[in-house]
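Below you'll find the structure, written out as structure tokens, and then a few comments.
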Amino acid sequence: MTNVREHVYEPFTEQSVLVYLEQKGLITDKEQVTCKEVGDGNLNYVFIVKDLQTDKSLVVKQALPYAKVVGESWPLSLDRARIERQALQEAAKYVPSLVPEVFDYDDDFAVTVMEDLSDHVILRKGLLEGNLYPHISAHVGIYLAENLFNASDEALGPIEKKKLARQFVNPDLCDITEKLVFTDPYQNAESNSYPENLQEAVESLWQDDRLIFEVAKLKKQFLTEGETLLHGDLHTGSVFVTEESTKVIDPEFAFYGPAGFDIGAFIANLTLNYIAQQERADESKRSEINTYLLETIEQTWAVFEKRYRELLLEKGFEERQRTGQYADYVLEKIWQDTLGFAGCKTIRRIIGLAHVEDIDGIEDDAGRLQAQQRAIETGRSLIFNRTVWRSPKSLTAYLKGLAK
Ligand code: SR1
Ligand code: MG
């Protein structure tokens, strides 16, 4: 290939991405670089391009016009690349050290060129290898507080907030979440994916009218409550880590929604990891891992709550929003939503289309089934107890009861 047609989208190959980068002046000689497609996500291509002489590298992420995990039968708007890039740029205003730097982009090609984080590992993988990252709760707590506050009505005022919100209308990606998180796991849907030996537990969930009603309420919140700009898919696969550094990646699901959705997603994935570790971790390490995960859940909320309160009291748009009483009111709602959404996010990873390695990778059949059943039950408890469990201690006390 000698040329890439300007403004005409085409999915890149390891060869054509170099032609594109050369045309854009982002590399000087395509013969002097290596390129590898490494995307293992559900939706996009990710190329790592490395200059052989300087050893400098960058990432080229390109959206595909369909969901890679399903195939061309599930078309998806390419506009999500713009949304992801703008969400990264928004986050960089408040927490530049916690997101990858965007070097360049091209909306016609649905491409973002950004910092290569190959020296980091995906948090989910790191946790599954038994590694403990001491700064995760401090970093993710701050990421959540800064982003969720700074895009809200209380930070921006209603006019600027609406101007920002209209850039983040993301129907295709919201549709994925609406279906895969809030709808399909609660009915006999074609997209569901679970083992036969879970059929009884799944059917009992489908018959649980009280649960179905609570999830319908949470879905309505997701559909209608445009409180702030969300990451939209903040699981442990969307966080890159080293011992010292944390980078939150992949905000292609970004949209204006209820703040608790992001916090709930993160806590749900720590919860899934905790449940899985009871079956996976070496007995000699399990107690240390358990303590770490429970502390990380508690501390993520504590750091988020403290920083969010400070921001609201200091920068609230109206004087009456800069009071302890108002902060208590806002944070209580976010906490209840966090638990409810965490419950939905836990259940979807067992019954729905997209699973997590934490649970699916448990080798022992009986152990895996036990973890799947526990995850469903924990999800149910999170949803039902969202107004009863007043702090993370209630959740971690529940999880302690599942420890081996
Ligand atoms: C069709 S995409 C499946 C899932 O992958 C993403 O990470 C989101 O969680 C989505 O629901
Ligand atoms: Mg993703």
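Numbering of ligands and ligand atoms starts at 1, following listing order.
Put simply, the residue from Q372, Q199, H355 that forms a side chain to side chain donor-acceptor pair (under 3.5 Å) with Y194 is Q199.
Contacts of ligand 1 (protein heavy-atom distance under 4.0 Å) are N42, L43, V69, I176, L180, D233, H235, F253, R348, R349, A354.
Enclosure of atom NZ in K285 by more than 12 non-hydrogen atoms of other residues, nucleotides or ligands within 6.0 angstrom is indicated.
A cation-pi arrangement, defined by a distance under 6.0 Å to the six-membered ring centre and an angle within 45 degrees of its axis, is absent between R80 and F253.
Summarising the geometry, atom CG belonging to L205 is positioned 11.5 Å from atom CD1 belonging to I350; distances are rounded to the nearest 0.5 Å.
Screening residues 94-104 for salt bridge (Lys or Arg N to Asp or Glu O under 4.0 Å) gives K24-D104 as the qualifying pairs, with residues at least two apart or on separate chains.
Remark: side-chain polar atoms of H231 are paired, donor with acceptor, to backbone N or O of I249 under 3.5 angstrom.
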